[in-house]
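Below is one structure, written out as structure tokens; comments come after it.
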Amino acid sequence: MNPAASRVCAVLLCLLMLGATDEQHAMPRLGPETIVDLQPFRTVTSLDIEMGGRSGRATLIDLNPAIGAWYLLQLQWPGSVQSYHLESARHGAQQLRLDRQGLLLSDGGGTTGCPLWAGGPGGLLEQAQRSALPYAPLCDGRLYLRNAVAGTYTRLERVTNFLRDRVWGGDRIVSFVRDQFYQDAFLEQARPAPSRFPPSDPPVSSSPQSARLVASGAVAILPSDIEVDLGEAANSMLLGQWYPVHDSPGIYLSAVQPQVVDAAVAARLRSRVVNLDAVEAVALDYLVAFDLSQFELGFALGTDHPRLGWSERVLDEMRVPNLAGPDGIDSATPLARTGMVSPAFTPLVAATFAGGFKREHGAFHYGDLAYRNRGSHYGFIEEGVVFSTLQPGLSTLYVLADGTIGMKTWSHDDDAMLPRIRYARQNGVALIDQDPVSASPQSGPLITQWGPGNWSGSKDEQFRTLRAGACLSETSTRRFLIYGYFSAATPRAMARVFQAYGCRYAMHLDMNALEHTYLALYTRTAGRLLVQHLVRGMDEVDKKGGDQIAPRFLGFPDDRDFFYLLRRRDAS
């Protein structure tokens with residue numbers, strides 16, 4: 001664990017030992033709904049079956065036929081109902097139908113039977129369930145049984161989760177420690193490159209738009225904290241320029257300081273972001289760009305976060321007493337959250353990065369959004385399955401069934417897209433949005449308002465900290481998804497940087513710790529997976545075994561949600 005996180009853990013544990021020991025007992029949660037009831041596009045088929053002399057009924061629920069990925073199989077016997085969460089290894093490319101002894105799988109090559117329960121209590125389904133694997137293969141690998149598993153927590157998260165979940169006033173303790181110890185804990189400042197290392201030439205026209213800087217801003221620096229392989233450029237980089245990542249086609253890295261952004265950019269963002277404080281102005285930020293002609297984007301929930309119940313931030317008058325959460329549920333059961341990339345995608349994964357806020361921070365306590373839609377809890381969808389309803393007014397990164405990637409402030413009219421949404425993650429309000437009249441990019445109206453913008457940080461609005469965000473940018477021929485790592489920034493500094501790189505929309509992700517702003521790139525050489533973390537210290541959340549590591553989100557289940565990028569099979 002990095003030193004800053006270790007200090008925070010120690011302080012949290014000390015405060016806990018000094019007397020914060022009263023447990024907060026949860027009130028009974030009411031409400032008959034399950035997550036299956038939230039799926040508006042599900043289809044249901046049933047069939048009478050027999051097994052071992054018993055008569056029963058099998059029900060297959062296709063949770064979203066437009067996606068063709070997730071299914072719930074229910075076997076009802078006298079006195080019991082068993083549920084199994086199935087995932088197709090060929091998303092959208094095979095159809096599942098019930099048969100007397102199991103399932104029939106159909107694709108362009110024909111139909112194959114899969115006798116899931118023909119063998120009785122010790123059949124394929126029971127064996128897969130007893131394996132306790134996050135993804136247990138079935139039907140010659142054409143299906144997976146998703147098993148509920150425990151995700152891996154960092155020591156810091158174990159302590160903060162305990163305080164928030166089990167100790168009265170625990171969130172106030174966590175907030176106190178964060179305000180005292182986190183601000184600028186990860187601040188990185190630019191180091192001038194030695195004169196013996198002239199800056200490398202920037203890449204060709206296939207890269208994203210370079211940042212618009214002041215005339216004196218294109219200085220050469222030594223990117224000393226990054227772990228990404230830039231080849232010769234690792235010796236010296238020009239601020240604001242993009243450099244290709246070695247042996248990773250379509251991925252680029254850039255470094256910048258907010259203070260060197262052209263003043264004209266700030267002017268176009270209006271007065272909301274003209275003034276930066278002295279620390280965030282010089283803080284070094286890193287951006288990683290992905291050429292979307294070469295990648296697909298996916299999203300997965302963690303085993304635990306974000307949760308589905310009520311956020312602690314919701315006003316009392318916005319709560320519905322007889323509902324366990326804003327959508328009526330506080331559990332994903334009978335669906336299984338695995339917290340890792342499906343084996344169907346693992347060979348194609350090129351990058352992962354951490355997702356958004358936990359549910360306890362993912363709703364509003366101040367401003368107009370606090371009084372809308374039960375507190376405007378952030379919504380999220382995985383494989384076309386609604387875990388939390390998408391709310392109007394919130395920044396949304398989404399992927400359609402055909403692979404189209406978009407980012408926008410959600411509106412009621414956008415609900416028309418829901419049948420085609422494969423993935424979606426909301427996380428607060430926009431850093432950069434479009435002017436409703438001119439359609440040109442502008443700063444989000446709430447980027448300087450701590451409460452109504454729900455930016456987290458301290459109540460006296462000292463909310464400069466380590467933060468991460470994402471944006472979409474376009475050139476005349478290409479679209480890019482850009483991930484931003486900001487070593488010490490407020491939302492206004494994030495907006496200023498994203499705008500400098502030509503982003504048309506930008507949103508916040510997570511903050512405060514390296515495990516929350518994690519990004520890793522993957523290359524494969526001689527059968528080995530090589531992992532490159534964006535900055536040093538991010539590897540602390542990976543598992544080590546000698547000289548080998550099991551990377552987060554790929555090698556083991558994680559408690560937090562995340563995005564992943566897959567190389568397109570047809571990429572040029």
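Only a predicted model underlies this, so the values are computations on that prediction, with no experimental measurement involved.
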Exercise. So, Asn454 and Tyr378: side-chain donor and acceptor under 3.5 Å apart, yes or no?
Worked result: yes
For this session: Check the side chains of Ser395 and Asn427 for a donor-acceptor pair under 3.5 angstrom, ignoring hydrogens and angles.
Result: no
For this session: Scan for salt bridge (Lys or Arg N to Asp or Glu O under 4.0 Å) pairs involving residues 387-403, sequence neighbours excluded, and state none if there are none.
Result: none
Exercise. Does Thr346 reach the main-chain N or O of Ala344 with its side chain, forming a donor-acceptor pair under 3.5 Å?
Worked result: no
Problem set entry | Check: Phe498 ring centre within less than 6.0 Å of Tyr505 ring centre | no
Exercise. Between the side chains of Asn373 and Ser376, is a donor N or O closer than 3.5 angstrom to an acceptor N or O?
Worked result: no
Problem set entry | Non-neighbouring partners of Trp310 that pass ring-ring contact (aromatic ring centres under 6.0 Å, His included), sequence neighbours left out | His377
Problem set entry | Donor-acceptor under 3.5 Å (Gln426 side chain, Gly379 main chain) | yes
Problem set entry | With sequence neighbours excluded, residues passing salt bridge (Lys or Arg N to Asp or Glu O under 4.0 Å) with Arg319 | none
Problem set entry | ring pair (Phe, Tyr, Trp, His ring centres under 6.0 Å) between His91 and Phe345, worked out | CA-CA 10 Å; His91 289 199; Phe345 299 141; 5.0 Å; yes
Problem set entry | Where Glu280 and Asp277 come nearest, the two heavy atoms and their spacing | N-OD1, 2.8 Å
Exercise. For Tyr501, what residues pass the ring-ring contact (aromatic ring centres under 6.0 Å, His included) criterion, not counting sequence neighbours?
Worked result: Trp242
Problem set entry | Test item: side-chain donor near acceptor, Thr475 and Gln209, under 3.5 Å | no
Exercise. Could Arg552 and Asp558 be called an ion pair, given the rule that one side-chain N must be under 4.0 Å from one carboxylate O?
Worked result: yes
Exercise. Taking the six-membered ring for Trp, are Phe357 and His508 ring centroids under 6.0 Å apart?
Worked result: yes
Seminar exercise, completed: Sequence neighbours excluded, the answer for side-chain hydrogen bond (donor to acceptor under 3.5 Å, both in side chains) partners of Arg536 is none
Problem set entry | Any donor-acceptor N or O pair under 3.5 Å, side chains Asn512, Thr465 | yes
For this session: Specify whether Tyr564 and Phe562 have parallel, tilted or perpendicular ring planes, treating 30° as the upper limit for parallel and 60° as the lower limit for perpendicular.
Result: tilted
For this session: Answer yes if the side chains of Gln241 and Ser210 hold a donor-acceptor pair under 3.5 Å, and no otherwise.
Result: yes
Problem set entry | Pair Tyr423-Glu382, side-chain donor/acceptor within less than 3.5 Å | no
Exercise. Between Asp291 (side chain) and Ser206 (backbone), is there a donor-acceptor pair under 3.5 Å?
Worked result: no
Problem set entry | Short side-chain to backbone donor-acceptor contact, Glu515 and Met538, under 3.5 Å | no
Exercise. Is it true that the NZ or CZ of Arg313 lies under 6.0 Å from the centre of Phe364's six-membered ring and within 45 degrees of the ring axis?
Worked result: no
Seminar exercise, completed: Of Thr352, Asp229, Ile251, the one forming a side-chain contact (heavy atoms from CB on, under 4.5 Å) with Leu521 is Ile251
Exercise. What residues form a side-chain hydrogen bond (donor to acceptor under 3.5 Å, both in side chains) with Asp247, not counting sequence neighbours?
Worked result: none
Exercise. Is it true that Asp62 and Arg42 make a salt bridge, defined as a side-chain N closer than 4.0 Å to a carboxylate O?
Worked result: no
